Amino acid sequence: MITTHISPTPKLPSPSSSIRSYPHLVLLRRHRHRHPARPVSVVAAAAAPSDVLTSIESVASAASVLAAIVLVHESGHFVAATSRGIHVSQFSVGFGPALARFRLGPVEYALRAIPLGGYVGFPDDDPDSGFAPDDPDLLRNRPVPDRLLVVSAGVVANLVFAFLIVYAQALTVGVPVQAQLPGVLVPEVLPGSAAARAGLLPGDVILAVPGVAPDPSVPVLVDLVKASPSKKVPITVSRTGPRAGDRRSLDLTVVPDTSIDGTGRIGVQLSPNFRVTRVHPNSLAEATVLAVREFTSLSGMVLDGLKQTFLNFSQTAEKVSGPVAIIAVGAEVARSNADGLFQFAAVINLNLAAINLLPLPALDGGTLALILLEAARGGQKISREIEQRIMSSGILVVLMIGMFLIVRDTLNLDFIKDIL
């Protein structure tokens with residue numbers, strides 16, 4: 001995301017700030033991981049030292065992935081600017097007070113305390129930079145194509161990085177492939193519910209609803225249950241037997257309870273029934289094909305998730321997460337299956353790229369929109385005061401949202417809930 005003016009430390013943007021910069025906030029939509037994670041039990045007893053060490057390692061792994069993604073995004077802006085000979089003054093990961101900093105040539109590099117993202121600073125409006133206001137190598141004085149390149153380079157870097165992650169996954173642990181199996185899986189049955197009274201158990205697979213749905217899907221079953229309050233619904237289920245691999249079929253009858261809105265409900269969680277296997281390529285060409293296919297699939301999932309967020313914001317707003325929740329999810333992925341960090345990193349990269357392309361103030365897409373508007377006006381620049389107000393207000397809003405998400409996600413952590 002981009003703002004017009006932000007102070008060198010950087011603090012919240014104000015009209016009097018002196019450094020033009022490109023800060024990027026980690027503000028993403030959560031997606032359900034496509035592979036089942038290990039169930040986690042939260043107990044009051046003290047954790048064993050090995051469990052604590054594992055948790056610390058998992059959190060460190062997830063935090064490292066997130067930091068690397070931010071670093072890649074900012075490096076995209078930085079490399080694009082320096083390759084075009086544009087003056088750069090700062091490169092920072094994080095916001096707020098600097099934990100560590102050093103200077104290499106004209107650029108100050110810093111690691112800062114608030115893990116909301118990072119930024120690349122440009123000396124366009126710094127009176128102490130030593131550059132004349134009309135210096136042709138200041139970003140604001142560059143032609144539209146150069147500025148478009150610099151602004152979009154962070155998104156491009158994330159997309160390239162996401163593909164390289166998926167490609168590395170294909171070459172090392174293989175690409176996960178879902179094989180669809182018959183029926184609908186029942187992962188959870190609420191105690192005392194209509195399904196529990198009918199004898200349905202977690203792990204059962206609903207194979208059919210005789211006479212109605214010989215090959216049911218999740219939407220079909222949901223619609224059928226809703227339309228059948230207090231009516232008998234016969235179902236055929238497959239259940240695991242006492243021996244491994246042994247399954248038997250049962251005929252049950254469920255009578256859905258009546259909800260407040262008059263629809264039926266049986267108190268279960270339903271999901272598609274599938275088996276996940278890993279495909280290992282036999283050549284670089286095959287690995288490339290698998291990586292392209294997986295990259296396309298993940299990109300579609302991210303875009304669909306964002307679309308659902310905006311179309312159903314009131315129902316999906318709680319799925320928007322800041323860095324705390326993202327690290328928590330990544331840590332659980334690392335504990336469950338370290339191989340899952342490949343997809344975790346790829347999805348976060350794609351999320352960051354997609355969100356930063358939104359045409360909103362303080363995002364890369366907002367600055368791209370202003371540059372394109374300038375091009376449409378025949379090169380007539382937008383008033384710097386107006387542009388500054390737009391971007392400064394945007395970064396203030398995004399930072400406030402980010403701080404809200406950090407507090408909310410921290411309070412939702414399991415160990416914080418136990419303390420409270």
Side-chain angles (χ1 to χ4, degrees), residues 28-38 54 57-58 60-80 83 149 152-183 185 244-245 271-307 326-327 329-357:
L28 308 176
R29 184 186 189 279
R30 291 195 300 270
H31 297 273
R32 292 184 61 185
H33 200 264
R34 298 197 309 173
H35 310 297
R38 181 184 60 194
T54 300
E57 290 176 349
S58 300
S61 298
S64 298
V65 168
L66 189 57
I69 291 169
V70 172
L71 182 64
V72 166
H73 188 104
E74 303 308 330
S75 296
H77 293 305
F78 182 81
V79 171
S83 67
L149 173 66
S152 60
V155 169
V156 173
N158 280 128
L159 293 176
V160 172
F161 191 36
F163 179 78
L164 292 177
I165 290 170
V166 174
Y167 194 69
Q169 178 187 28
L171 291 174
T172 54
V173 300
V175 174
V177 175
Q178 294 181 359
Q180 189 67 41
L181 299 177
L185 180 65
S271 73
N273 188 26
F274 60 85
R275 179 178 62 248
V276 177
T277 58
R278 290 190 176 274
V279 177
H280 296 269
N282 297 316
S283 65
L284 289 178
E286 188 176 342
T288 303
V289 172
L290 288 174
V292 169
R293 188 181 303 158
E294 181 70 359
F295 178 81
T296 303
S297 174
L298 292 177
S299 299
M301 180 184 71
V302 168
L303 293 176
D304 182 66
L306 289 176
K307 182 181 72 174
I326 293 170
I327 290 175
V329 172
E332 174 56 28
V333 171
R335 281 194 296 269
S336 302
N337 182 2
D339 295 348
L341 283 176
F342 282 104
Q343 283 207 336
F344 170 74
V347 168
I348 299 301
N349 265 287
L350 293 170
N351 260 297
L352 188 59
I355 288 177
N356 269 284
L357 277 179

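Remember, predicted model here, so these are calculated numbers, not experimental data.
With sequence neighbours left out, the side chain to side chain contact (heavy atoms under 4.5 Å, CB included) criterion links V289 to R293. Residues forming a side chain to side chain contact (heavy atoms under 4.5 Å, CB included) with T172 (at least two apart in sequence, or on another chain): F342. Taking the side-chain hydrogen bond (donor to acceptor under 3.5 Å, both in side chains) definition, one finds that T288 meets it with Y167, sequence neighbours left out. Partners of V279 according to the side chain to side chain contact (heavy atoms under 4.5 Å, CB included) rule, which considers only residues two or more places apart in sequence or in another chain, are V177, L290.
One finds the CG atom of L350 at 11.5 Å from the CZ atom of F163 (value rounded to the nearest 0.5 Å). Between D304 atom CG and S299 atom OG the span is 12.5 Å, to the nearest 0.5 Å. In this structure, I69 CD1 and E74 CD are separated by 12.5 Å, a value rounded to the nearest 0.5 Å.
Looking at N356, its side chain does come within 3.5 Å of a backbone N or O of L352 through a donor-acceptor pair.
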Pairs under 3.5 angstrom only: tabulate donor-acceptor contacts from the side chains of residues 152-162 to other protein residues two or more places apart or in another chain.
| residue | atom | partner | partner atom | Å |
| --- | --- | --- | --- | --- |
| S152 | OG | L148 | O | 2.7 |
| S152 | OG | L149 | O | 3.4 |
| N158 | OD1 | H73 | ND1 | 2.4 |
| N158 | ND2 | N349 | OD1 | 2.7 |

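Summarising the geometry of E294 relative to V175, their closest heavy-atom pair is OE1-CG1, 3.7 Å, with the distance given to 0.1 Å. Residues H280 and V173 come closest through the heavy atom pair CE1-O, 3.0 Å. In plain terms, the two heavy atoms of N273 and Q180 that are nearest each other are O-NE2, 2.9 Å. For A170 against P281, the heavy-atom pair with the smallest separation is O-CD, 3.0 Å.
Side-chain contact between I165 and Q169: absent, with no pair of heavy atoms (C-beta onward) separated by less than 4.5 Å.
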